[in-house]
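Here the structure comes first, spelled out in structure tokens, and everything after it is commentary.
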Amino acid sequence: MLREKARYIRLETIRLIEIAKVGHYSSVFSCAEIFAALYYDVMRLREGEPDWPDRDRFLMGKGHAAVGLFPVLADHGFISRELLDGYTRLGSPLGDHPDMTKVPGIDFSSGSIGHALSNGVGMALGGRMNQRPYHVFVMLGDGEMQEGQVWEAALFAGHNKLSRLIAIIDRNGYQLDGKVDDVVGVESLRDKWTAFGWEVHEVDGHDLNALTYTLRKLKADSARQRPACLIARTVKGRGVSFMETEPGWHLGYLAPADAQIAIDEIKSQEI
């Protein structure tokens with residue numbers, strides 16, 4: 001079931017970007033399994049109730065992957081499916097980045113990279129102060145590790161032992177300008193996050209069994225006194241072979257013939 005949801009996310013991403021004529025295919029494809037694991041297995045949500053006070057929260061640092069999240073929100077009844085058909089068109093609330101003031105189910109607006117973890121920290125602290133049971137999940141890009149605000153937030157969260165805060169790093173190795181570690185090296189991520197007071201785990205970000213098992217375990221661990229960081233090792237463009245080998249697909253547009261090749265490959269694979 002989760003595999004089918006990850007496939008659905010990839011196929012809907014291609015369909016919606018066809019409407020927009022430009023978009024972030026490969027950035028979605030590296031985290032499709034993360035979306036599927038969180039929204040269809042791990043997170044505490046109520047269908048059709050995006051404002052339920054005790055829902056788990058989800059924030060995206062890499063907000064340019066929102067095109068893959070909008071179909072998931074429609075699947076949960078947070079937005080209408082008809083809205084998807086007008087993606088990025090004039091007057092549509094659905095843009096290249098998510099807007100929390102316009103899209104039910106979006107917990108934080110994005111644009112500039114680096115702000116999501118700070119807001120997730122505030123939500124986790126607020127949940128503790130208000131004695132709410134929710135968890136806060138924040139997905140970060142690995143290029144985002146170059147932002148100083150990420151580390152300020154990480155330091156604050158570790159110091160305040162925000163145990164209901166879980167960061168997920170989509171470690172696909174690339175950012176807009178090329179390989180992350182060629183632009184500004186970020187390793188060792190495990191050592192860095194541990195030094196900032198977090199419990200750190202690593203997992204194959206496309207292995208849904210490993211993802212769901214680890215995230216469930218982190219969420220259920222009431223004895224943990226630290227925030228948790230999950231480093232998900234992923235492949236940018238996962239599921240479409242010519243995107244996996246060409247980092248230029250961070251932003252682009254598939255001509256109809258190429259889109260059909262990608263669709264056929266996604267449908268044929270057990271990914």
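Heavy-atom basis, side chains included; hydrogens, waters and symmetry copies ignored.
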Atom pair [atom1] ([X]) and [atom2] ([Y]), whose distance is rounded to the nearest 0.5 Å:
X: Leu45; Y: Phe58; atom1: CG; atom2: CZ; value: 11.0 Å
X: Lys192; Y: Glu187; atom1: NZ; atom2: CD; value: 7.0 Å
X: Ser118; Y: Glu147; atom1: OG; atom2: CD; value: 10.5 Å
X: Leu176; Y: His250; atom1: CG; atom2: NE2; value: 4.5 Å
X: Arg164; Y: Arg224; atom1: CZ; atom2: CZ; value: 9.5 Å

Donor on one side chain, acceptor on other, Thr234 and Asn172, under 3.5 Å: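 Result is no, nothing qualifies.
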Expected output: side-chain Arg10 to main-chain Phe29 donor-acceptor under 3.5 Å: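 Here the side-chain-to-backbone pair exists.
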Lys161 side chain vs Gly158 backbone, donor-acceptor pair below 3.5 Å: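 Not confirmed, Lys161 side chain does not pair with Gly158 backbone.
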Flag if over 12 foreign heavy atoms under 6.0 Å of CE, Met1: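 Enclosed: over 12 neighbouring heavy atoms sit under 6.0 Å from CE of Met1.
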Under 4.5 Å side-chain linkage, directly or through intermediates, the cluster mates of Val183: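 Direct or chained contacts put Val183 with Val184.
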Trp193 and Trp198 aromatic ring geometry - parallel, tilted or perpendicular at 30°/60° bounds: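 Ring orientation, 0 to 90° scale: perpendicular.
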If the threshold is 4.0 Å, N to carboxylate O, is there a salt bridge linking [X] and [Y]?
X: Arg190; Y: Glu202; result: yes
X: Arg81; Y: Asp75; result: yes
X: Asp204; Y: Arg238; result: no

Residues that Asn119 engages under side-chain contact (heavy atoms from CB on, under 4.5 Å), provided they are two or more places apart: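 Once residues adjacent in sequence are excluded, the partners of Asn119 under the side-chain contact (heavy atoms from CB on, under 4.5 Å) criterion are Leu59, Phe108, His115.
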Pairing residues for Ile261 by the side-chain contact (heavy atoms from CB on, under 4.5 Å) criterion, not counting sequence neighbours: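 With sequence neighbours excluded, Ile261 shows a side-chain contact (heavy atoms from CB on, under 4.5 Å) to Phe242, Asp258, given in chain and number order.
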Tyr25-Tyr253 aromatic ring centre distance below 6.0 Å: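 Aromatic pair excluded; centres sit 6.0 Å or further apart.
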Stacked cation flag Arg57 on Phe137, 6.0 angstrom / 45 deg: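 No, Arg57 does not sit over the ring of Phe137.
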